[in-house]
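Here is the structure we will look at, set down as C-alpha cells.
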Amino acid sequence: MTVTTVIPCTVTLSIGENGSVTADNTTYTGDASFQADPDTVLIYTITPEKGYEIDCVTYNGEDVMSSVAEGSYTAPALTGNAELIVTFAPAAHVHEWEDDYTVDREPSCTEEGSKSIHCKGCDEVKDSTAIPALGHAWDSGVVTKKATETEAGQIKYTCTRCGAVRYEKIPPKSSPKTGDGRPVGLWVGLLCLSGAVMAALLIRRRRKAGN
Ligand SMILES: [Zn+2]
Ligand SMILES: [Zn+2]
C-alpha cells in the first residue's frame with residue numbers, strides 16, 4: 001500500500017493600491033495568500049481601477065511585466081511556494097478639452113478678467129484669454145448742488161456696479177446755452193450794428209468839418 005502525500009504550495013499575493021488580482025475565480029486585494037497543488041498552472045487577471053494602469057508585476061522576484069498580456073499573467077506550473085507582487089500607477093493622462101471657455105476671473109469695471117479652455121480630467125488649462133474691463137455703469141446722476149444764475153452746480157454720478165463716483169459741473173443759468181446760438185448771435189449783431197452807426201456818424205462829422 002502506497003500513500004502519496006501532496007503538500008500544497010502557498011501563493012502569497014502582494015497587491016498595491018488601486019487595483020485587484022483575480023486567480024482561480026477569487027479576487028484579491030492588498031496582501032493575501034492561498035494554497036494550490038503543485039503543478040497547478042495559475043492565470044492571474046490583473047485589473048487596475050479606473051484611471052490607473054499596471055505599473056509592475058513581479059513573480060518570485062522576477063520582473064514578468066513583459067509576459068502580461070491584456071491584463072493577464074500566466075505563471076509557470078507551481079513547483080513550490082510562490083509570490084506575486086503587483087503595483088499600479090496613475091494611467092498616463094491625455095487631456096480632454098472642454099468645448100467652451102470657462103471664466104477664470106470675472107472682469108470688473110476697471111480690471112480685465114480672463115477665461116480659458118479647461119481639461120475635463122485635470123486642472124490643466126489652455127488658450128487663456130483676457131476679458132476686457134467692463135467700464136463703469138453710471139447711473140442717471142443726482143444733482144448735489146443746484147446751479148444758480150452765477151454759480152455752477154454739480155451732478156454726481158454713481159457706478160451701479162462698483163460704487164465709484166464721478167462729478168460733473170452744471171453751468172450757471174446765466175451763461176449762454178450751448179447748441180443755441182441765438183443769444184450770442186444777437187449780441188454780435190447788436191455790436192456790429194452799433195459799430196456801423198458810430199462809423200456813419202464819424203463819416204458825417206468829418207464831411208461837415210471838411211466843408
Ligand atoms: Zn488633463
Ligand atoms: Zn464701476
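All figures in this text were calculated on a predicted structure; none of them were measured in a lab. When a residue number appears, it is its place in the shown sequence, counting from 1.
Each of Lys145, Glu168, Lys169 was compared with Gln154 under the side chain to side chain contact (heavy atoms under 4.5 Å, CB included) criterion, and only Lys145 meets it.
Cation-pi geometry between Lys115 and Tyr101 is satisfied (NZ or CZ under 6.0 Å from the ring centre, within 45° of the ring normal).
With contacts defined as side-chain heavy-atom distances shorter than 4.5 Å, the pair Pro107/Ile131 qualifies. Side-chain atoms of Lys156 and Thr158, non-hydrogen and from C-beta on, do get closer than 4.5 Å to each other. In this structure, the side chains of Tyr28 and Thr22 stay at 4.5 Å or more apart for every pair of heavy atoms. For the pair Tyr59/Pro76, a side-chain contact is recorded, criterion being any heavy-atom separation below 4.5 Å from C-beta on. Side-chain contact between Cys9 and Gln35 is absent, with no heavy atoms from C-beta onward closer than 4.5 Å. Residues Thr102 and Ile117 form no side-chain contact, since every pair of their non-hydrogen atoms from C-beta on lies 4.5 Å or further apart. Thr45 places none of its side-chain heavy atoms less than 4.5 Å from the side chain of Val21. Side chains of Val11 and Leu42 form a contact here, defined as non-hydrogen atoms less than 4.5 Å apart.
Ring centroid separation for the pair Tyr167 and Tyr157 does not come in under the 6.0 Å cut-off.
Placement of Trp138 and Ile155 within a single hydrophobic cluster is found when ILVMFWY residues are connected by side-chain heavy-atom separations under 4.5 Å, directly or transitively. Clustering ILVMFWY residues whenever any of their side-chain heavy atoms sit less than 4.5 angstrom apart, transitively, puts Val103 in a cluster other than the one holding Val125. One hydrophobic cluster holds both Val86 and Val64 under the rule that ILVMFWY side chains link at heavy-atom gaps under 4.5 Å. Criterion: ILVMFWY side-chain heavy atoms under 4.5 Å apart, direct or through other members. Under it, Tyr52 and Ile85 are not part of a common hydrophobic cluster.
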Please step through side chain to side chain contact (heavy atoms under 4.5 Å, CB included) for the pair Lys120 and Trp97, ending with a clear verdict. CA-CA 6 Å; Lys120 288 175 183 173; Trp97 302 110; over 6 Å; no
Residues Ile43, Tyr73; criterion side chain to side chain contact (heavy atoms under 4.5 Å, CB included); working and verdict: CA-CA 6 Å; Ile43 299 169; Tyr73 171 61; over 6 Å; no
For Asp127 and Ser116, run side chain to side chain donor-acceptor pair (under 3.5 Å): C-alpha distance rounded to whole Å, both residues' side-chain angles, the deciding distance at 0.1 Å, then the answer. CA-CA 5 Å; Asp127 298 347; Ser116 62; over 6 Å; no
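Using a cut-off of 4.0 Å between Lys/Arg side-chain N and Asp/Glu carboxylate O, Lys126 and Glu124 are scored as not salt-bridged.
Asp31 places no side-chain N or O within donor-acceptor distance of the main-chain N or O of Ser14, the cut-off being under 3.5 Å. One N or O on the side chain of Thr148 and one on the backbone of Glu151 form a donor-acceptor pair closer than 3.5 Å. For the pair Asp37 (side chain) and Pro8 (backbone), a donor-acceptor distance under 3.5 Å is absent. Side chain of Arg105 to main chain of Glu112: a donor-acceptor pair is present (N/O by atom type, distance under 3.5 Å, no hydrogens or angles). Distance alone, capped at 3.5 Å, places no donor-acceptor pair between the Ser114 side chain and the Ala130 backbone. Looking at Asn81, its side chain does come within 3.5 Å of a backbone N or O of Thr10 through a donor-acceptor pair.
Shortest non-hydrogen contact noted between Pro172 and Glu149 is CB-O, 3.5 Å. Residues Val41 and Ala75 approach most closely at CG1-O, 3.7 Å, considering heavy atoms. Shown here for Cys119 and His95, the closest heavy-atom pair between the two residues is SG-ND1, 3.6 Å. The minimum heavy-atom distance linking Ala32 with Thr29 is given by the pair CB-O, 4.5 Å. Closest non-hydrogen pair, Arg161 versus Cys109, comes out as NE-SG, 3.4 Å. Annotation for Ile15 and Ser20: closest pair CG2-CA, 4.2 Å, computed over non-hydrogen atoms.
Atom CD of Glu111 sits in a sparse spot, with 12 or fewer heavy atoms from other residues, nucleotides or ligands closer than 6.0 Å.
To the nearest 0.5 Å, atom CD of residue Glu83 and atom OG of residue Ser33 are 11.0 Å apart. One finds the CD1 atom of Ile54 at 9.5 Å from the OG1 atom of Thr87 (value rounded to the nearest 0.5 Å). Note: Asn18 CG to Phe88 CZ = 8.0 Å, rounded to the nearest 0.5 Å.
The closest side-chain donor-acceptor pair between Asp123 and His118, if any, does not fall under 3.5 angstrom.
Taking the six-membered ring for Trp and thresholds of 30 and 60 degrees, Phe34 and Tyr44 have ring planes inclined between 30 and 60 degrees apart.
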